[in-house]
Amino acid sequence: MVLEHRTIGDFAVGRYVAGVVLCLALLIGTGPVYAQARSTVTAPDSIATRVMACTTCHGLRGEGSNDDYFPRLAGKPARYLYNQLVAFRDGQRKYAPMNYLLEYLPDAYLQEMAEYFAEQQTPFPTLPKPDVSPAVMALGQKLTLEGDDRRHIPSCVACHGASLTGVSPDIPGLLGLRTKYISAQLGASRYGARVSAKPNCMQKITVLLSDADIAAAAAYLSSLPSPPNPAPATEGSLKLALTCQSSEAR
Amino acid sequence: MRTHRWFALGLLVLAQAGYGQDTSIVARGEYLARASDCIACHSNPGDKPFGGGRPMSTPFGTLYSPNISPDRATGIGAWTADEFYNMMRTGRSRSGMLLYPAMPFAAYTKMTRPDIDAIFAYLKTVPPVHRPNTAQDLRFPYNNRTLLLGWRTLYFTEGEYKPDPSKSSDWNRGAYLVEGPGHCAMCHTAINALGGSSASAAYQGGLIPMQYWYAPSLTSNHEAGLGDWSIADISDLLQAGVSARGAVYGPMAEVVHNSLQYLSDADIRAMAVYLKALPATGASSAPTQAEVQDKLRLFPLGKKIYAAQCATCHGMQGEGKGSDFPPLAGNQSIQMTSSVNPIRMVLNGGYPPGTIRNPRPYGMPPFAQGLSDEEVAAVVTYIRTAWNNRGTAVTDADVNALRSAPLD
């Protein structure tokens, strides 16, 4: 705060002096003077306070909200969250309200935000049971746990971990997300509106999925219960089905 | 000894100035290119800087900025310093073609030859980008460049900034930066139907076409008039992006991010001195009967929403929290005649830019997803009229119209 008044030379009136001058001006009523409330209290210097712009939609600790399209962030791997923040800022991932909010924020700050939400441990929500037929649920289960060799589609668990809580540093967990959100992300990946760093591995799989596959996988994933251990699997603990993780993370 | 060496170096710099090769001239050119914010328009987001091609929607059609990287075939690599200077000074391209005034040549004409040469020297050193220019896409009759002769007669006066000897050196430096490289009048003076800014309305504010943000008057104390701001607060706002009086948002966040945060303390202070001294104009008119009725109707709901959603950060009395959460009581940006900006802030939220002085800004959440048109109208009416704020009520229709405003 001292720095603010360091270079102001002849105009060196500190905040309080300015306040006094303003009050005097008001008392003697010279022309239109706008009294402005001033607070000497500053905001807590914490990352939790700095990300309050995020939590209206994503929940106070990143637990998600009742809206179908505002996903849970808590506990996802930090590098995954950072990659998404950068992709929103730079326009590779398109969602105008997010692109706008992050447009002028530096990498280091986005990293700090990502780490904050990655560290949060909050209970998983109870999601509504998907309203789909047993056949659709069975297809979703097959794709999630086994994939489809005939069509060269690997299973979700092959990369996102046996418990589907993701893998550090940059593969996201898939639990606690709503059906509509998951299907929207798979669709966006298929059509190239959601792009990850080269070689954009996920899109190699989503282009193989039909609308029915996407609906089934999304319904099944959203129906799964909370994992006993929500932590992402440790880096290197899983031999991935595809060797095309975000190269940026290496 | 030391002094002599520096003096000698100074002479050397002067001696080499004509060649534009000296590193200090390139560094000065980089500084001035930032002060002029060339990068904002001449780079397509996500592409290499200065390669041009950024589409700019105007009421007359879409313009695409040209490539100003030193690529010989598609940029300005084959240009001479004289050709670059003539373009900046006269608004005519190398071929003699008249430039559209989306290029702020009416401001750049005020820059000195050494400053323009320095920018050219710097642009020669950036990585060349091979990208042919995109043809302009303007509707008839605006696609006829000879019409620009008329525009130029009305709105363009060629010539370098002439210092006013009756003013301080700070004031003159500030005037040069604001009127020349800074090209502040491009947004802060209303754009009329011909796409021109009238000198008689200088810095009196206006809605930025196509972006739907209101660039406030820099002269009226009812808007962003800075007459009662301290030099320190103005400097903080310009350089850090936040101040004890308010933060930058919308298009101004981009200006601070790309340009103003890099300016020296002395230059920022000079700009503040000049802006503070702009003559005060305009007075707010009394609210209409309809506005008074709207206020009576919406105020109680707005007060309730404010207490639930806003007061944690902005305080029950709108006092804010230092420069972290701006005060709303007495904040000109909220009570000015146009309600566009406060409505958009509530709908879209926003982070001030991360800057050298404030790399981790606090942010405002969007409420478009959580509040109805009536609720937004109510809370904006509340903050515009509570705590002796002198704004007027806003309507559901005002809010609804801005829900589809572009965010990029």
Side-chain angles (χ1 to χ4, degrees), chain A residues 1 3-15 17-18 21-22 25 31-45 47 49-58 65 67 69-70 90-92 95-110 112-113, chain B residues 45-46 221-222 228 230-233 235-236 241 244-245 253-254 256-257 265-266 269 272-273 276 283 309 312-313 315 317-325 327-332 348-355 359-370 387-388 390 406-408:
Chain A
M1 285 296 111
L3 276 178
E4 286 181 16
H5 306 298
R6 185 174 48 109
T7 56
I8 53 181
D10 294 342
F11 295 84
V13 278
R15 199 171 293 166
V17 181
V21 172
L22 264 181
V33 173
Y34 290 79
Q36 177 154 21
R38 290 284 178 106
S39 170
T40 51
V41 181
T42 53
D45 183 11
I47 185 67
T49 311
R50 291 174 194 273
V51 298
M52 282 169 79
C54 318
T55 55
T56 308
C57 294
H58 290 283
S65 74
D67 188 288
Y69 294 104
F70 301 141
D90 297 344
Q92 285 101 26
Y95 177 61
M98 283 293 289
N99 302 140
Y100 160 82
L101 271 178
L102 301 175
E103 194 164 2
Y104 305 116
L105 299 183
D107 290 348
Y109 192 28
L110 298 182
E112 195 182 346
M113 291 178 171
Chain B
N221 283 347
H222 294 284
D228 71 333
S230 72
I231 295 292
D233 283 341
S235 301
D236 287 349
R245 301 290 300 257
E254 183 180 15
V256 170
H257 181 259
D265 292 354
R269 177 190 143 79
V273 166
K276 185 178 166 70
Q309 307 271 16
T312 314
C313 294
Q317 299 305 315
E319 71 275 18
K321 286 196 169 68
S323 59
D324 302 334
F325 295 124
L328 306 184
N331 187 324
Q332 294 138 296
N348 307 133
Y351 269 101
T355 56
R360 301 156 72 231
Y362 293 83
M364 160 94 181
F367 287 96
Q369 74 292 340
W387 320 300
N388 296 323
R390 300 178 188 197
L407 281 168
D408 54 6

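Every chain is numbered from 1, with letters handed out A, B, ... down the list of sequences.
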- Message: Which label fits A/Y109 and B/Y351: parallel for a plane angle under 30°, tilted from 30 to 60°, or perpendicular past 60°?
- Response: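 Rings of A/Y109 and B/Y351: perpendicular, over 60°.
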
Do the side chain of [X] and the main chain of [Y] share a donor and acceptor less than 3.5 angstrom apart?
X: B/D324; Y: A/A43; answer: yes
X: A/R50; Y: B/R360; answer: yes
X: B/Y362; Y: A/M52; answer: no

- Query: Taking all non-hydrogen atoms of both residues, which atom of B/G363 and which atom of A/A53 are closest, and how far apart?
  - Reply: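 Minimum heavy-atom separation between B/G363 and A/A53: C-CB, 3.7 Å.
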
- Contact summary for A/P106 and B/P359, nearest pair of heavy atoms: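 Where A/P106 meets B/P359 most closely, the heavy atoms are CG-O, 3.5 Å.
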
Contact part of [X] toward chain A, heavy-atom cut-off under 4.5 Å: side chain, backbone, both or neither?
X: B/P352; value: backbone
X: B/Q309; value: neither
X: B/F325; value: side chain

- Message: Applying side chain to side chain contact (heavy atoms under 4.5 Å, CB included) to B/Q369 and A/T56, what does each step give before you reach the verdict?
- Response: CA-CA 10 Å; B/Q369 74 292 340; A/T56 308; 3.8 Å; yes

- Contacting moiety of A/Q92, where chain B heavy atoms sit under 4.5 Å: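 Neither part; nothing is under 4.5 Å.
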
- Please look at A/D45 and chain B and tell me whether the side chain, the backbone, both or neither of the residue comes under 4.5 angstrom of a heavy atom of that chain.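 Interface part for A/D45: both.
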
- Item | Distance (rounded to the nearest 0.5 Å) between A/E103 CD and B/L407 CG |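 CG of B/L407 is found 9.5 Å from CD of A/E103.
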
- Query: Looking at CE of B/M364 and CG of A/L101, how far apart are the two atoms once the value is rounded to the nearest 0.5 Å?
  - Reply: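 Here the interatomic distance stands at 10.5 Å.
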
- Message: For the CG atom on B/N388, are there more than 12 heavy atoms of other groups (residues, nucleotides or ligands in this structure) within a distance under 6.0 Å?
- Response: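 Open: at most 12 neighbouring heavy atoms sit under 6.0 Å from CG of B/N388.
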
- Query: Looking at B/A272, B/G315, B/P361, B/G241, which has the largest count of heavy-atom pairs under 4.5 Å with chain A?
  - Reply: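 Max contact count across the listed options: B/P361.
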
